[in-house]
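Input: a single structure, listed below in C-alpha cells.
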Amino acid sequence: MKNTVLRYPSIWRRIQPTVIYNVILSVIFFPLYLTFYNLDIVAFELDYFLMYGFESFRLNLLGALFCFGFFLRQVCKDLNLVIFTIRAIKHDSDVILFGGHKRLFDGIEGVGKTLNVTNDAVLLACDKDEKLRFEYYLKKPFEKKLKDDKHYKVLCESYKFYKDHPDKISHLMANYKIQYDGKESFKFDIDYFKQDKRPAESFVMALTELADELPNSWSKIPKDEKNDPHKVIKMNETLSKSRQWFDLTIVSDEQRMGEVFIGFRATTGLGRSITGREKCLVPKFLKVIERLLYNRVMRKKEKTSKFLSRLYSFVHKITESIGFFEFKYIDRDVLTSKGKTEEQTFVIPCRFLFRYDTRGERDKYPLYGRQPE
C-alpha cells in the first residue's frame with residue numbers, strides 16, 4: 001500500500017531553484033570582485049577619473065565598476081531572497097491560522113485566484129491530515145474504553161477512509177483536478193452540500209467558479225422543504241454547520257463575488273479580492289537565453305528540431321520556477337463586496353509542487369474538438 005501520509009510542501013523544496021540560481025551567481029560575482037577588486041580600488045579609479053577625465057582614461061575603471069556593480073546587485077538579490085522567504089513562510093502560517101473555515105477569492109481572469117485556492121487548499125489539507133492522525137494516535141491506546149464513543153467511531157472511520165484511498169490526496173476534494181505527490185484530489189459532488197452524501201472528517205474543498213456550483217438564483221429560501229427542489233434549506237444548514245458536523249473547510253474563487261450563493265457568503269470567514277500580482281527575483285540571465293531560444297524556434301518555424309523544442313521547454317520550466325509571486329489584495333466584506341482595508345500584499349514561491357487543471361471546463365464545451373467554422 002502507498003504511503004497515505006500527506007507531506008507538507010516545505011518552503012525549502014519550493015524555493016530550491018531560486019536559491020541554487022542565486023548561489024551560482026554569488027559564487028561567480030563575489031570572488032571576482034573580492035579577488036581582483038575591492039572598495040578601495042573602486043574609489044581610487046573613480047577619483048582618478050574625476051581628476052583626469054578621458055584625457056588619461058584607464059580601462060581598469062570599467063572592470064572595477066562592472067565587478068562592483070554586479071557584486072552589489074547580487075548582495076541585494078541575496079538579501080531579497082531572505083526577505084521573500086521569510087514573507088512566504090509567514091503567509092503559509094497565515095493560511096492555516098487566520099483564514100477561517102470558508103474563504104473566497106475574487107478578481108479578474110488570470111490574476112491567480114485558482115492558483116491561490118489550490119495553494120491554500122493543499123496547505124490546509126496537509127494540516128488537517130496531521131491533526132486527524134495525531135488525534136487518532138492519541139486515542140488509539142484507549143480503544144477498548146472508547147468503543148461505544150460516537151466521536152471516536154467517526155474518527156476511526158475517517159482515518160480508515162483516507163488509508164483505504166492511497167491514490168487520492170488525503171483530505172482534499174475539488175471540482176477541478178489537483179495533483180500532488182503523485183496523487184489526485186477527491187472529486188467534488190454537490191450532494192455533499194445537499195446532505196445526500198456524507199464526507200469524511202476534516203475535508204478541504206477547493207471550488208473554482210463557485211457561482212457555477214452554488215448559483216445566487218437559489219439564494220431565496222423557501223418556507224417548506226416540499227417547495228425546495230434545489231435543497232437550498234439543506235445547503236444553508238450544511239454551510240452554516242459544516243465546521244461542527246465534519247470539520248469542513250472550503251476555499252473558493254469567483255470573478256464576481258456578489259453572484260455567489262448568499263448561504264455561502266454569509267458564512268465566509270475571509271473574502272479576498274486579488275488586484276494584481278508581480279514576479280520578483282526574476283532570473284534575467286536565463287530570461288535572455290529563453291528569449292534567444294524562442295526567437296530561434298520562430299525562425300525555424302515548422303522545421304524546429306526535437307532538441308530545440310526540448311531545450312526551450314527545459315529552460316522555460318526552470319525559469320518559471322525561480323523567484324516569488326507578490327500578490328496585491330484587498331480584504332472585502334463578502335456580503336456587500338465593499339473593500340474593508342487598504343491594499344496589502346503576500347508572497348508565495350513561484351515553484352509549486354502541485355499541478356492543477358485550469359482548463360477543466362473545456363471538455364464540457366459542446367463544440368470543443370469540432371472543426372472551427
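The first residue of the sequence shown is numbered 1, and numbering continues consecutively from there. Side chains included, hydrogens not; waters and symmetry mates left out as well; all remaining heavy atoms used.
Residues P215 and F261 come closest through the heavy atom pair O-CD1, 3.9 Å. Closest approach of Y176 and S185 over heavy atoms only: O-OG, 3.7 Å. Minimum heavy-atom separation, S202 to L132: OG-CD1, 3.8 Å. When all heavy atoms of G263 and N236 are compared, the closest pair comes out as CA-OD1, 3.2 Å. Shortest non-hydrogen contact noted between K301 and T304 is O-OG1, 2.7 Å. Between V122 and P9, the shortest heavy-atom distance links the atoms CG1-CG, 4.2 Å.
No donor-acceptor pair under 3.5 Å is formed between the side chain of Y180 and the backbone N or O of Y356.
Summarising the local packing, CD of E130 is surrounded by 12 or fewer heavy atoms from other residues, nucleotides or ligands at distances under 6.0 Å. With a 6.0 Å radius and a threshold of 12 heavy atoms from other residues, nucleotides or ligands, K287 has its NZ atom above the threshold. More than 12 heavy atoms of other residues, nucleotides or ligands sit less than 6.0 Å from atom CZ of R256. Atom CZ of R198 sits in a crowded spot, with more than 12 heavy atoms from other residues, nucleotides or ligands closer than 6.0 Å. For K194, the NZ atom counts as densely surrounded, since its 6.0 Å shell holds more than 12 non-hydrogen atoms of other residues, nucleotides or ligands. For F307, the CZ atom sits in a loose shell: 12 or fewer heavy atoms of surrounding residues, nucleotides or ligands are nearer than 6.0 Å. Around CZ of R243, the count of heavy atoms belonging to other residues, nucleotides or ligands within 6.0 Å does not exceed 12.
Between K279 and E326 there is no salt bridge, since no side-chain nitrogen of the basic residue lies less than 4.0 Å from a carboxylate oxygen of the acidic one. Salt bridge R7/D181: present, at least one basic N to carboxylate O contact under 4.0 Å. A salt bridge is absent between D357 and R362: the closest approach of a Lys/Arg side-chain nitrogen to an acidic carboxylate oxygen does not fall below 4.0 angstrom. Salt-bridge formation is detected for the pair R370/E373: a Lys NZ or Arg NE/NH1/NH2 atom is positioned less than 4.0 Å from an Asp or Glu carboxylate oxygen. One finds no salt bridge joining K160 and E157 here, because no Lys/Arg side-chain nitrogen approaches an Asp/Glu carboxylate oxygen to under 4.0 Å.
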Residues D149, K139; criterion salt bridge (Lys or Arg N to Asp or Glu O under 4.0 Å); working and verdict: CA-CA 11 Å; D149 186 284; K139 293 182 177 180; 6.0 Å; no
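Separation of atoms NZ (K113) and OG (S273) is listed at 9.5 Å; rounding is to 0.5 Å. Atom NE2 of H151 is separated from atom CD of E135 by 10.0 Å, given to the nearest 0.5 angstrom. Atoms NZ and CD1, from K231 and I190 in turn, are 11.5 Å apart once rounded to the nearest 0.5 Å. The structure places NZ of K77 at 9.0 Å from OG of S26, a figure rounded to the nearest 0.5 Å. With rounding to the nearest 0.5 Å, the separation of CG in L311 from CD1 in I289 is 9.0 Å. Atom-to-atom distance recorded for F352:CZ and F325:CZ is 5.5 Å, nearest 0.5 angstrom.
When only modelled atom types and interatomic distance are considered, T208 and N175 share no side-chain donor-acceptor pair under 3.5 Å. Side-chain N/O atoms of S242 and K102 include a donor and acceptor closer than 3.5 Å. Using modelled atom types and a 3.5 Å distance limit, the side chains of Q74 and N22 yield a donor-acceptor pair. Side chain to side chain, K128 and T249 meet the donor-acceptor criterion of an N or O pair below 3.5 Å.
Between F193 and F188, the distance separating the two ring centers is shorter than 6.0 angstrom. Between Y329 and F327, the distance from one ring center to the other does not fall under 6.0 angstrom. Aromatic rings from F161 and F186 are positioned such that their centres are separated by under 6.0 Å.
In this pair, F203 and Y162 present their aromatic rings perpendicular. The plane angle is above 60°, beyond the 30 to 60° band. Note: Y159 and Y136 have parallel aromatic rings, judged against thresholds of 30 and 60 degrees for the angle between ring planes.
When the options I322, T85, L81 are evaluated for a side chain to side chain contact (heavy atoms under 4.5 Å, CB included) with V19, the one that passes is L81. R103 pairs with exactly one of N116, T268, D120 by the side chain to side chain donor-acceptor pair (under 3.5 Å) rule, that one being D120. L124 pairs with exactly one of D129, V251, N119 by the side chain to side chain contact (heavy atoms under 4.5 Å, CB included) rule, that one being V251. Paired with T345 under the rule side chain to side chain donor-acceptor pair (under 3.5 Å), one option of R87, H91, R277 passes, and it is R87.
Under the 4.5 Å side-chain heavy-atom criterion for ILVMFWY residues, no single connected hydrophobic cluster contains both V154 and Y152.
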